[in-house]
Amino acid sequence: MTADPTDRQHGDVLLLHGPGEARRDGPPQDLDAEQCVLGAMLLSDAAITDAAGTMDPSDHYRPAHETIHRAVQRMHDEGRAVDPITLTHELDRTGDLRRVGGAGYLHSLVQKVPTPSHAEYYAEIIRDKAVRRRLIESGNRLVQAASASDVDTHEVRAAVLAEVTALTTSDRDSGPEDDAPQDGPPNVLYDPQPGIRRPQRLGPTPHPDVFTGWLGETVRELDPTTEADPVAVLVNLLSAAGAAIGRRPHVMVGNDRHPCLIWALTIGPTSTGRKGSATSTARRVLAEALPEFFGPEHTPRGLNSGEGLIEYVKDDDSDNPAPASTDKRLWVLESEYAVTMSRGRREGSSLPGVLRQAWDGDSLGSMVRDSLKATDPHIAILGHITPEEFRAKMQDSEMAGGTYNRFLPIFCHRNLVLPGSRGASPELVANLAAGWRTVLNDAARVEHVKFSPDAWALYCDEVYPALSDDSAGGVIAQFTARSAPYVQRVAMVYALCDHTDTITETHMRAAWQLLNYARASAVHLLGNVTGDPKVNKLADAVRAAGPDGLSADQVRRLFKNSSRADRDRLTAELLDQPGYVRTQRPTRGRPTTVISYAG
């Protein structure tokens, strides 16, 4: 008789369901496994680590279990003791104790576990059920989209591609270890703080240098009043301020005149990205500072076509010209940028070409209507898009490398939990607006923006070589192809907002770090330089292992759901990349073969 493979692999692991047990009604779930993994985490620090490497707290079916899991993980990360008593105190402090079932339920979780050493096995069961639920949810969404008679067929196809891309990049190729927090300097806008509730952030975090000067001060003042990501508020301020300042200030990059136009895509989930909150937070202050600009004439919503964009700023030689025909400044907000990108792909669309001209600051014209022209426009664009839509659209290299590398991709995520927030006080908004009114009016009078010697040396010696390195290749390199000139534009807006016509070293470092964050956002959302998220995951693990390298057993655990042939393929592809080598690591017995990064 053949032994049960589960018994052979896991020994005395509790069998949560017998072979003849009927399937439960409702979505795929296993509440016994959820209780066991939580109980194991309350008994063992090693179980907490094992669970964190296998599943995400959001994989739990019961919301109460997710709350318990996050609290345990938070306490563990902060170096606090974790057991039913300390957890009871923590959940009571946060007001969640009654909602999760009380202290008695926490103690019952411990009684549920036969041994905490099998937490990883239970976590795998939970993860599998969560993946199945997401597959069902995706299928339901696609059925609804395809059944809607008022939805264009092309949009349905885009939705299908977005769903499939999201599933294949998140459930197949990534895990909680993909987005481990990076070491870096203290960052008060993102680091854990006593009395501050921050959701788990599965993505890059901007360097604190981006929050410098008047822009950074504004973000810090507004941060306690909004759940929006500080970096998303910052990029909204940069883009809107550059639009309001106008086309007079500029830097020369070679023989090209670059105006202070910052285009950005804030990319975050519909529910937790808080993209709209970031825009409304920045706009509330700036609209009070310059109400004559932040009205419908200069801040339209929606990009239907190239001709439609030109229409807003077209030349008007009549006796009573429209305001936009004499003041060519626009800050265009597009809350559904995926729709705009789809329109740009339609045959005969003029939108991509007009957008490229607008980013360059060139005069605009229409090949369809000879009379439709716009001389010296100054148009900034800020779009919102979900990660799934972004991945789907960026599969098209022509889109990534043509029009859309004019945009800075900015990953954003809810940064605070403020259930009772009413936003910034009128007094705070008025005080900030008074400062911004002076800043924007004075900046509009500047013409040529200069560099301090230290800023120019930093740009030439460090920034330009780093941002001009195109060895990465692939869609990431295409999407960030304009980083070198873009960093000068961003540094210029930082300087203008600090009441100066000279870019200092501080402004250049802030701009550099923002461009680095944009690249990190693209890598996080699209995968790394090889174009294969699994190879990039392996590369990150090898680099993190340092001089000790990564053994075959560690590779197996990293890709526990992959076959040996697939792991061998990944290893071979990584070894084809510059700097990665196979070496021998001495042990007490036979040497171990490892993969390491030699730089």
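Throughout, residue positions are numbered sequentially from 1 according to the sequence presented.
For the 3.5 Å distance criterion, the side chains of E389 and T386 qualify, holding a donor opposite an acceptor. Judged by distance alone, the side chains of W331 and S239 do bring a donor and an acceptor atom under 3.5 Å apart. Defined by atom type and a distance below 3.5 Å, a donor-acceptor pair is missing between the side-chain atoms of Y122 and D50. For the residue pair T86/D83, the side-chain donor-acceptor check at 3.5 Å is satisfied. Checked by atom type, the side-chain pair Q73/D77 shows a donor-acceptor distance below 3.5 Å. Donor-acceptor pairing under 3.5 Å is lacking for the side chains of S551 and D553. D96 and T67 are not linked by any side-chain donor-acceptor pair at a separation below 3.5 angstrom, with hydrogens and angles left out of the test. R414 and S277 share no side-chain donor-acceptor pair at under 3.5 Å. A donor-acceptor pair shorter than 3.5 Å cannot be found between the side chains of T54 and R127.
Contact of the L514 side chain with the P206 side chain is not registered, since no non-hydrogen atoms from C-beta on lie closer than 4.5 Å. Contact annotation: the side chain of L550 approaches that of L538 to within less than 4.5 Å [non-hydrogen atoms, C-beta and beyond]. Taking the side chain as every heavy atom from C-beta outward, L418 and T226 never approach each other to under 4.5 Å. Contact of the L31 side chain with the Y61 side chain is registered, since non-hydrogen atoms from C-beta on lie closer than 4.5 Å. Taking 4.5 Å as the limit, every side-chain heavy atom of T94 sits out of range of all side-chain heavy atoms of R99. With a 4.5 Å cut-off on side-chain heavy atoms, F211 and T218 do not count as touching. Residues H69 and M55 meet the side-chain proximity criterion, which asks for heavy atoms closer than 4.5 Å. Side chains of K129 and D59 form no contact here, defined as non-hydrogen atoms less than 4.5 Å apart.
When atom types are taken as modelled, the side chain of S44 and the backbone of A40 share no donor-acceptor pair closer than 3.5 angstrom. The backbone N or O of F411 sits less than 3.5 Å from a side-chain atom of S521, completing a donor-acceptor pair. Of the possible polar contacts, none joining the Y517 side chain to the V231 backbone as a donor-acceptor pair under 3.5 Å is found. Side chain of Q29 to backbone of P27: a donor-acceptor contact under 3.5 angstrom is found. Of the possible donor and acceptor atoms, none in the side chain of N415 sits under 3.5 Å from a partner among the backbone N and O of P230. Of the possible donor and acceptor atoms, one in the side chain of D30 sits under 3.5 Å from a partner among the backbone N and O of A33. Here the side chain of N431 pairs a donor or acceptor atom with the backbone of E427 at under 3.5 angstrom.
By the 4.0 Å N-to-carboxylate-O rule, D191 lies too far from R198 to be salt-bridged with it. We find that E90 and R80 are joined by a salt bridge, their nearest charged nitrogen and carboxylate oxygen being less than 4.0 Å apart. Of the charged side-chain nitrogens involved, none lies within less than 4.0 Å of a carboxylate oxygen, so that E66 and R62 do not count as a salt-bridged pair. Salt bridge present: D229 and R201 bring a charged side-chain N and a carboxylate O closer than 4.0 Å.
Heavy atoms only, all atoms of each residue included: V555 and R567 are closest at O-CD, 3.8 Å. Between A51 and V37 the shortest heavy-atom distance is CB-CG2, 4.0 Å. A240 and L286 get closest at one heavy-atom pair: CB-CD1, 3.5 Å. Shortest non-hydrogen contact noted between L87 and A71 is CD1-CB, 3.8 Å. The shortest heavy-atom contact between V429 and V285 is CG1-CA, 4.2 Å. When all heavy atoms of V100 and L91 are compared, the closest pair comes out as CG2-CD1, 3.9 Å.
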Give the C-alpha distance, both sets of side-chain angles, the deciding distance and a yes or no for salt bridge (Lys or Arg N to Asp or Glu O under 4.0 Å) between D128 and R133.
-> CA-CA 9 Å; D128 177 75; R133 289 198 302 273; over 6 Å; no
Carefully, step by step, assess H107 and Q111 under the rule side-chain contact (heavy atoms from CB on, under 4.5 Å).
-> CA-CA 7 Å; H107 284 276; Q111 302 300 320; 5.8 Å; no
In sequence, state the C-alpha distance, the side-chain angles, and the governing distance for K275 and C412, and then conclude on side-chain contact (heavy atoms from CB on, under 4.5 Å).
-> CA-CA 7 Å; K275 304 180 290 293; C412 58; 3.6 Å; yes
Could you go through the side-chain contact (heavy atoms from CB on, under 4.5 Å) check for D223 and L416 one step at a time?
-> CA-CA 9 Å; D223 183 58; L416 291 173; 4.1 Å; yes
Audit row: H384, E334, side-chain contact (heavy atoms from CB on, under 4.5 Å) steps and yes/no | CA-CA 6 Å; H384 301 167; E334 180 53 88; over 6 Å; no
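Rounding to the nearest 0.5 Å gives a distance of 9.0 Å between CG of L106 and CG of L38. The line from CG of L222 to CG of L428 is 5.5 Å long, rounded to the nearest 0.5 Å. Atom CD1 in I68 sits 5.5 Å away from atom CG in L109 (nearest 0.5 Å). In this structure, F294 CZ and T299 OG1 are separated by 7.5 Å, a value rounded to the nearest 0.5 Å. Interatomic distance, NE2 of H60 versus CD of Q35, reported as 10.5 Å (0.5 Å rounding). Between the OG1 atom of T88 and the CZ atom of R93 there is a distance of 13.5 Å, given to the nearest 0.5 Å.
Annotation for I85: atom CD1 does not count as buried by contact number, only 12 or fewer foreign heavy atoms lying within 6.0 Å. Other residues, nucleotides and ligands place more than 12 heavy atoms under 6.0 Å from the CZ atom of R220.
Using a 30° and 60° split on the angle between ring planes, H65 and Y105 fall in the parallel class, below 30°.
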